[in-house]
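Proteins come first, then strands; the chains are lettered A, B, ... in the order of their sequence lines, and each starts at number 1.
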Amino acid sequence: MDTIAIKYNDEIVDLQTAEAKDIHGEAIVLDNSNDALEVLRHSAAHLMAQAIKSLYPDAQFFVGPVVKEGFYYDFKINEEIGEGDLKRIEKQMLFLAKKKYPIERYEISKEEAQKKFAHDPLKLAVMERIADETLSIYKQGDFEDLCRGPHLPSVKAIRFFKLTKIAGAYLGGDSNNEMLTRIYGIAFADKESLKAHMQMLAEAEKRDHRKIGAQMKLFTFREEVGAGFPIWLPAGARLRSRLEELLFKAHRKRGYEPVRGPEMLRSDLWKTSGHYQNYGENMYFTHIDEVEFGVKPMNCVGHIKVYEDELHSYRDLPIKYFEYGIVHRHEMTGALHGLFRVREFTQDDAHIFCTTEQIESQVIEVVDFVDKIMKSFNFDYKMMISTRPSKAVGSDAVWEVSTQALKNAMDSNGLPYEIDEGGGAFYGPKIDIKITDAIGREWQCGTIQLDFNLPERFALEYNGEHNDKIRPVMIHRAILGSFERFIGILTEHYAGEFPMFIAPTQVAIIPIAPTHNAYAERLRNMLLDIGADSEIFSKNESLNKRIRTAEKSRVPMLIVLGDDEVANQTVAVRDRRTREQYSLGETEFLTMIQDKMKEVHF
RNA sequence: GCUCACAUGGCUCAGAGGUAGAGCACUUCCUUGGUAAGGAAGAGGUCCCGGGUUCAAUUCCCGGUGUGAGCUCCA
């Protein structure tokens, strides 16, 4: 395989630069490694710009970086350009790639560059953002662009790419600036990877929880209700309550006490907590008899009030309060998205009040809890420890101890983690849990945050061994994050085919003729007795039609009842996936359902 | 919040400056069927809301609301 760049001092250096500066390092070849894709996609962005320039000669270009999901280029043209033009640009890119232009690099001073691009206000804007005095120019054919690289040696390697979407983007991401046109694309080293990626995108579209949620009647939104306020329909509410019940029991077993704070608290309290100052623009406020109240955006203050209700001894710690806390947050209109981003949601929230010494063991406990749950849903996950940000409260020593506590907890449990330097909350370091779903997408759900700030602000204490007053540490933690978001993720993860233990309906019952309806009813009642929901498909439709409808409803188990089944007290089970059929005795069947539902406990 | 697009029966969508259609779903009837769409009849719409233009607006214009995509990841 051809070398496309080298790795030097942990940086990717393209061959043009390496040659000019006589740098040697480890070869990067054209494959699907992160380093190779970075170079490939960057050059693909340039090739796209070249294609656009050749099709629309008046085009001016801003920036064209590589991003997580491929690459993009922001530009400005006078003509209208839309989705339909992407194919044309792709074609032109292929045409140009076949010319096998070498990509050349040379350096000029900023002054020269400003002269060179004097007619191009976008490039001048780009240069304003660059501090360096020497700039590099990359040239392929008659197309030149200001760019820091790295790039491929030639455009000929860019073969497997696709332009994925076109959208507007503000110059520099600032909505005060003018809107440019942005085209996104993706590129890979080989055809199969590109194909697999496009299939993943198509699969993601099929699994869209907004679509499946409507089909399965899980939830809905209504204009007259307001943006960002989900309405849970019976099927969705059944699913949700199954999840809530399982998780409730799991909390109780792990020593958490259920508590409940009010929806609104006086603004003075939010001033004490710091939310008023730091989070106020995301909060909703109202007045009661001239006193201002804030609708809670988080549950911590309520739990602090629970803690304050009595004096605590060190012997009581750790104290673990949990609540399915309904919170309201003013999200930007444009950020709202199905169940993933709403303005009212319910967190599986808990606060652990403990001693500094207990931090590590408590974190291990939570991580273990997370592990249990995520494994139950077949999610892979990884954890990130976020350290002290530049703007932070608390002493260095406390940060050091607490960050180390998080690391120790992970290390002693043999758990891998990544470090997000400076990514912590202002009040303490945290561990974020990122799960990977069935089609490889990552989602941030749970979080474990150490907090030395709120105990300080509310002057929380407990009595130590020598009757001294000691400040406890608070650990904020959520595992699912919110029921709304998590159920949205689950829906896409399972493509609506939920496992038995959380499915909205466990069994679809299909009586062949009305004479079998009584047996169907009897089975439904027996299923209810073991906590399983069922739906009887007894409408006046053909048997085939009813089986088809039941199959499409994504219920995990189908049973068909006819004369034989009634006579022998059996059920004919039909597997939703394999379409295989087998017969089971009534009690065996009920036991099987019960077993499948008990398969999981967190 | 900003930019652009969209908003028609429960759902998915077609449509025209002269107040509207299809498929699915729904109701009723026929069909009594053993594993992926049997047949017939019928009911159902302030064409998102408010204002403007027009003899006439659901259709054109403006505002609002809602939905979608994008707006951070630095040449």
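Separation of the P atoms belonging to B:G21 and B:U46 is 15 Å when rounded to the nearest angstrom. Separating the C1' atom of B:A43 from that of B:C29 is a span of 14 Å, rounded to the nearest Å. For the P atoms, the distance from B:A14 to B:G9 is 12 Å, rounded to whole Å. One P atom belongs to B:U8, the other to B:U58, and the distance between them is 15 Å to the nearest Å. Taking atom C1' in both B:C47 and B:A16, the straight-line distance is 12 Å, to the nearest Å. Here, B:C73 and B:A36 have their C1' atoms 47 Å apart, quoted to the whole Å. Atom name P, nucleotides B:A20 and B:G34: the rounded distance is 46 Å, in whole Å.
Among the nucleotides B:G1, B:U31, B:U35, the one closest to any side-chain atom of A:Tyr170 is B:G1. For A:Val63, whose side chain is taken as the heavy atoms from C-beta onward, the closest listed nucleotide among B:G34, B:A25, B:C74 is B:C74. Taking only side-chain atoms of A:Pro514, from C-beta outward, the nucleotide of B:A36, B:G33, B:C73 with the closest atom is B:G33. In this structure, the nucleotide among B:G38, B:G70, B:C48 sitting nearest to the side chain of A:Tyr184 is B:G70. Closest to the A:Asp564 side chain, of the nucleotides B:G34, B:A37, B:G70, is B:G34. Comparing B:C71, B:C48, B:C73 by their nearest atom to the side chain of A:Glu223 picks out B:C48. Comparing B:U32, B:C2, B:G38 by their nearest atom to the side chain of A:Ala513 picks out B:U32. Side chain of A:Val560, nearest nucleotide from B:A25, B:U35, B:G33: B:U35. Listed nucleotides B:C74, B:A36, B:C71 differ in distance to A:Arg148; the shortest reach to its side chain belongs to B:C74. Side-chain proximity of A:Arg210 to B:G34, B:U32, B:G68: nearest is B:G68.
Across all strands, A:Ile137 comes closer than 4.0 Å to no nucleic acid atom at all (heavy-atom distances). Using a 4.0 Å heavy-atom criterion, one finds that A:Leu543 contacts the sugar-phosphate atoms exclusively. Residue-level contact check: A:Glu541 touches the bases, meaning some heavy atom is under 4.0 Å from a base atom. In this structure, A:Glu565 reaches the bases: a heavy-atom distance under 4.0 Å links it to at least one base atom across the strands shown.
Using a cutoff of 4.0 Å between basic side-chain nitrogens and carboxylate oxygens, A:Arg105 and A:Glu107 are scored as salt-bridged. Using a 4.0 Å cut-off between charged side-chain N and carboxylate O, A:Glu112 and A:Lys115 make no salt bridge. With respect to A:Glu551 and A:Arg548, no salt bridge is recorded, no charged nitrogen being found less than 4.0 Å from a carboxylate O. Taking the charged nitrogens against the carboxylate oxygens, A:Arg210 and A:Glu492 have no contact shorter than 4.0 Å, which rules out a salt bridge. Ion pairing of A:Arg388 with A:Glu421 is absent here, as no side-chain N (NZ or NE/NH1/NH2) approaches a carboxylate O to less than 4.0 Å.
Pairing of B:U67, defined by two Watson-Crick or G-U wobble distances under 3.5 Å, is identified with B:A5. Across all strands shown, B:U53 forms no Watson-Crick or G-U wobble pair with both key distances under 3.5 Å. With a cut-off of 3.5 Å on both Watson-Crick or G-U wobble distances, the partner of B:A22 is given as B:U12. Both distances falling under 3.5 Å, in either a Watson-Crick or a G-U wobble arrangement, place B:U27 opposite B:A41. Both distances falling under 3.5 Å, in either a Watson-Crick or a G-U wobble arrangement, occur for no nucleotide opposite B:C47. Across all strands shown, nothing is found opposite B:U59 as a Watson-Crick or G-U wobble partner with both distances under 3.5 Å. Figure legend. B:U32 is base-paired to no nucleotide; pairs are counted as Watson-Crick or G-U wobble with both atom distances under 3.5 Å.
Side-chain atoms of A:Asn540 stay outside donor-acceptor range of the base of B:U32, with no qualifying N/O pair under 3.5 Å.
Of the possible donor and acceptor atoms, one in the side chain of A:Arg343 sits under 3.5 Å from a partner among the backbone N and O of A:Glu331.
A:Asn544 places its CG atom 5 Å from the P atom of B:A36, with the value rounded to the nearest Å. Residue A:Ile166 contributes atom CD1, which lies 16 Å from atom P of B:A69 at whole-angstrom precision.
Taking a 6.0 Å sphere around CG of A:Asp142, one finds it holds 12 or fewer heavy atoms contributed by other residues, nucleotides or ligands.
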